[in-house]
Chemist: 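Below is a structure I'd like to ask you about.
These numbers come from the heavy atoms of this one structure, side chains and all, not from hydrogens, waters or symmetry mates. Proteins come first, then strands; the chains are lettered A, B, ... in the order of their sequence lines, and each starts at number 1.
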Amino acid sequence: MSVNRQLAGYFEQIASLMEITGANAFKVSANRKVVRVLEDLDRDIADVATSGELESLDGIGKGTAARISQFLETGTIDDLEHLRSEIPDGLIGLLDISGLGPKTVGRLWREADVTDRQSLKAAIDDGRLASLPRMGAKTIANIADSLAFAQRASQRTPIGRALPLAEQLVSQLKTVPGVTRVHYAGSLRRGCETIGDIDLIAVTTDPTGLVDTFTNRPDVAKVLAKGDTKAAIRLTSDIQVDLRIVPEDVLGATLLYFTGSKEHNVLLRERARSMHMRLNEYGLFPDDGDDEPPQQRGIAPLASATEDDIYSALELPMQPCSLRESADDPLVAPPALIELNDIRSELHSHTTASDGHLTIDELINATRDRGLGIIAITDHSVSSVQANGLSVDRLHTHIAAIHDARDRHPDMLILAGSEVDIHADGRLDYDDDVLRELDIVVASPHASLKQASDLATERLLKAIEHPLVHIIGHPTGRMIGRRPGLDPNMPVLLEAAAANGTALEINANPRRLDLRDVHVRQAMAAGCRIAINTDAHTGDHLAFLRYGVLTARRGRVTPDACVNCLPPDALLTWLAQKSPLLSS
DNA sequence: GCCGTTTTCGGCCCGACTGTTTTCAGTCG
């Protein structure tokens, strides 16, 4: 799969470099489309090429197919090499700076010898920029500010930080006089693992008052835009927040528009056009061929109040936010996706016996307080020395202590388990006779997370095929923005997991979210069982569950595929005899 | 560069805000 990613990166470079040269915008977006196609493809692009099917992929024509073939044969693409020889690589990094687009970057390069971020800084400092036409003091100050911001905040915000902040902003703005509705939209509403900025949409009788309140918050570092219906700020915490104000009767159209994804919006607009309609953030309108926006000409929308109304008018099934990515087809009716309330159990958690902060009883009580009736206590195994992993003797004592707790908590199903290390060669950290004493075994990789792809595949495959392993915990071991983790051959693992009835975990910790959404989607297509666990080390960690459920929804997980949704009897049956999903 | 119930040419999604300039280009989402 990594060839797909590498090639996608090359086409992204081609698109960016073409933009800087001022190439036709449609050619640029055609190359960007190729990037998406490659990223969403669930087959190896080399296989597609071998079977002569490249041009059957939507968005790949003769030219692109030739470039892909050339890359697969030689490892390079002539067109890309040519662009690189003409244009400094460092210019691509300038496109990530807010306010700098391809036109400006091209001008800076041609007219001020700017080739990267460093020389941009120099050009600002020595006054070269100010000598260019259409470069006023404000524009230069904004570029300088965006450049400094880009240097210190290069990463996207994890959902675990963005979602609580957005909820706080929403509840605060709801108290502003005149405000009747506030929602967050964007990638956050779609449940993406990281977000670029927070999008808010509000309905109010006093737009000016709301915009003033919003832009005058004490935590505002910079006001990026301020108008009658739109404002944008950057907080001192370096997170950007956009606010849109709309009339109540077009809220659905605006929510739809600003929830995205961009690709989903394009598909909906194309759909609208094919039905002689026109879709924008104010509603779905009849297409009368007039260029002036219909809402400005007093034309009533065909649908606008709710998202449901618009999908319905487009004769499409209502798509949940989590299924509005480029890989999702809006024509396909969505499955009944899993919801937070469907979850009955936490099957991966830690106590003070290893590196958790709660005692057995505290953990059980915290689980009950979250509305769950089933808890599996799975402390670390002996090799996780840094996590105070349990020796076999300590494990025996721990199992007995867990069994004792059952008498004190008769309302809960309490399982004695372990999170067993999967060694680099695929062996497990406890012998089979020890594993047999446990109610549940979660096998996870913790060390050797940089091993080669084929070794990682063999390693995880052994654990998946092990008859005593129920769940593979955080299968790749990645940490978002910090380490990539293992890169195994997913299709091979998924096929084995489905056949053996071994569940693959979505670790709900927002720093992990592992499996990630695209792999979850592939796992569902392969017929795998899924587990959603918080890996709780404290009581607060149990609240991570919603991030796991959001990721599951993005991967099209239904309750029947998730072992955490099983009622006690069915869960015990599966634990006693792992069964594949399809035959259960 | 890709695509096709307006199919081999002529389209390709849409609107708000900013800055600098007097009507709009560039950027963003």
Side-chain angles (χ1 to χ4, degrees), chain A residues 11 14-15 18-19 22-37 54-68 79 94-108 130 132-143 146 185-188 195-201 207 211 215 222-233 240-246 250 253-254 256-285 287 289 291-296:
Chain A
F11 275 95
I14 290 174
M18 283 173 71
E19 263 187 315
N24 178 297
F26 296 110
K27 290 188 182 183
V28 174
S29 69
N31 278 284
R32 288 254 150 74
K33 182 166 183 177
V34 175
V35 175
R36 287 204 308 277
V37 169
L54 282 177
E55 285 183 59
S56 69
L57 297 174
D58 185 45
I60 294 185
K62 230 181 178 63
T64 302
R67 288 169 167 178
I68 292 175
D79 292 333
L94 297 184
L95 294 173
D96 293 333
I97 293 169
S98 171
L100 286 187
K103 296 268 172 36
T104 310
V105 169
R107 276 186 62 207
L108 292 176
L132 300 182
R134 289 192 69 90
M135 273 291 165
K138 278 190 175 179
T139 301
I140 292 173
N142 280 336
I143 292 175
S146 297
S187 51
L188 187 57
I195 61 123
D197 53 29
I198 294 174
D199 296 300
L200 300 177
I201 299 168
V211 166
T215 54
K222 185 175 169 64
V223 176
L224 303 167
K226 184 178 175 180
D228 294 336
T229 62
K230 181 180 164 177
I233 57 177
Q240 183 175 330
V241 187
D242 294 349
L243 173 67
R244 276 301 274 255
I245 298 170
V246 297
V250 305
T254 311
L256 182 64
Y257 185 82
F258 284 99
T259 297
S261 65
K262 200 173 170 182
E263 292 77 16
H264 187 74
N265 287 345
V266 169
L267 291 175
L268 293 188
R269 286 208 207 91
E270 286 174 356
R271 171 82 173 179
R273 285 184 69 92
S274 74
M275 296 171 74
H276 306 291
M277 293 186 279
R278 187 168 159 179
L279 179 63
N280 62 30
E281 63 255 55
Y282 296 97
L284 182 67
F285 297 88
D287 188 1
D291 278 347
E292 196 184 346
Q295 73 277 3
Q296 289 176 13

Chemist: With a 4.0 Å cut-off on heavy atoms, is Lys27(A) in touch with a base, just the backbone sugar-phosphate, or nothing at all?
Modeler: base
Chemist: Pick base, sugar-phosphate or nothing for Pro133(A), based on heavy-atom distances below 4.0 Å to the nucleic acid.
Modeler: nothing
Chemist: Would you mind telling me which of dC14(B), dG15(B), dG1(B) lies closest to the side-chain atoms of Thr64(A)?
Modeler: dG1(B)
Chemist: Quick one: look up who dC12(B) pairs with, Watson-Crick or G-U, both distances under 3.5 Å, and put none if it's unpaired.
Modeler: dG1(B)
Chemist: Looking at Thr215(A) and Val211(A), would you say the former's side chain and the latter's main chain have a donor-acceptor pair under 3.5 Å?
Modeler: yes
Chemist: When the C1' atoms of dT18(B) and dT23(B) are compared, how many Å lie between them, rounded to an integer?
Modeler: 15 Å
Chemist: Using atom C1' of each nucleotide, how far apart are dC12(B) and dG19(B) to the nearest Å?
Modeler: 29 Å
Chemist: Between Glu281(A) and Val246(A), is any pair of side-chain heavy atoms under 4.5 Å apart?
Modeler: no
Chemist: Please check if the number of heavy atoms outside Asn24(A) that lie under 6.0 Å from its CG is greater than 12.
Modeler: yes
Chemist: Under 4.0 Å, heavy atoms only, any strand: does Leu100(A) hit a base, just the sugar-phosphate, or nothing?
Modeler: sugar-phosphate
Chemist: When all nucleic acid strands are considered with a 4.0 Å heavy-atom cut-off, which category describes Asp242(A): base, sugar-phosphate, or nothing?
Modeler: sugar-phosphate
Chemist: Base, sugar-phosphate, or nothing: which does Arg67(A) touch, judged by heavy atoms less than 4.0 Å apart?
Modeler: sugar-phosphate
Chemist: With rounding to whole Å, what would you report as the distance between dG11(B) and dA16(B) at their P atoms?
Modeler: 25 Å
Chemist: When all nucleic acid strands are considered with a 4.0 Å heavy-atom cut-off, which category describes Ala137(A): base, sugar-phosphate, or nothing?
Modeler: sugar-phosphate
Chemist: In whole Å, what separates the P atom of dC28(B) from that of dT20(B)?
Modeler: 16 Å
Chemist: Donor-acceptor pair under 3.5 Å: do we get one between Tyr257(A)'s side chain and the base of dG29(B)?
Modeler: yes
Chemist: Could you tell me whether Ser29(A) contacts a base, only the sugar-phosphate backbone, or nothing, with contacts defined as non-hydrogen atoms closer than 4.0 Å?
Modeler: nothing
Chemist: May I ask you to say what Lys33(A) touches in the nucleic acid, namely base, sugar-phosphate or nothing, with a heavy-atom cut-off under 4.0 Å?
Modeler: nothing
Chemist: Should we count NZ of Lys27(A) as having more than 12 external heavy atoms under 6.0 Å?
Modeler: no
Chemist: Please classify the nucleic acid contact of Gln296(A) as base, sugar-phosphate, or nothing, using heavy-atom distances under 4.0 Å.
Modeler: sugar-phosphate
Chemist: Please report, rounded to the nearest Å, how far the P atom of dT27(B) is from the CD1 atom of Ile97(A).
Modeler: 13 Å
Chemist: Taking the side chain as every heavy atom from C-beta outward, state whether Asp58(A) and Val37(A) have any pair of such atoms under 4.5 Å apart.
Modeler: no
Chemist: If I pick the C1' atom on dC3(B) and the same atom on dT7(B), what distance separates them, to the nearest angstrom?
Modeler: 8 Å
Chemist: Give Ile14(A) one of three labels, base, sugar-phosphate or nothing, depending on what nucleic acid heavy atoms sit under 4.0 Å from its own.
Modeler: nothing
Chemist: Write down the distance separating the P atoms in dG1(B) and dT5(B), rounded off to the nearest Å.
Modeler: 23 Å
Chemist: Which of these nucleotides, dT18(B), dC12(B), dG15(B), is closest to any side-chain atom of Arg273(A)?
Modeler: dC12(B)
Chemist: Between dG10(B) and dG15(B), how far apart are the C1' atoms? Round to whole Å, please.
Modeler: 24 Å
Chemist: I want to verify a distance call: between dG1(B), dT18(B), dA25(B), whose nearest atom is closest to the Asn31(A) side chain?
Modeler: dG1(B)
Chemist: Without decimals, in angstroms, what is the distance between Glu55(A) CD and dC2(B) P?
Modeler: 8 Å
Chemist: Choose from dG15(B), dG29(B), dT20(B) the nucleotide whose nearest atom is closest to any side-chain atom of Asp197(A).
Modeler: dG29(B)
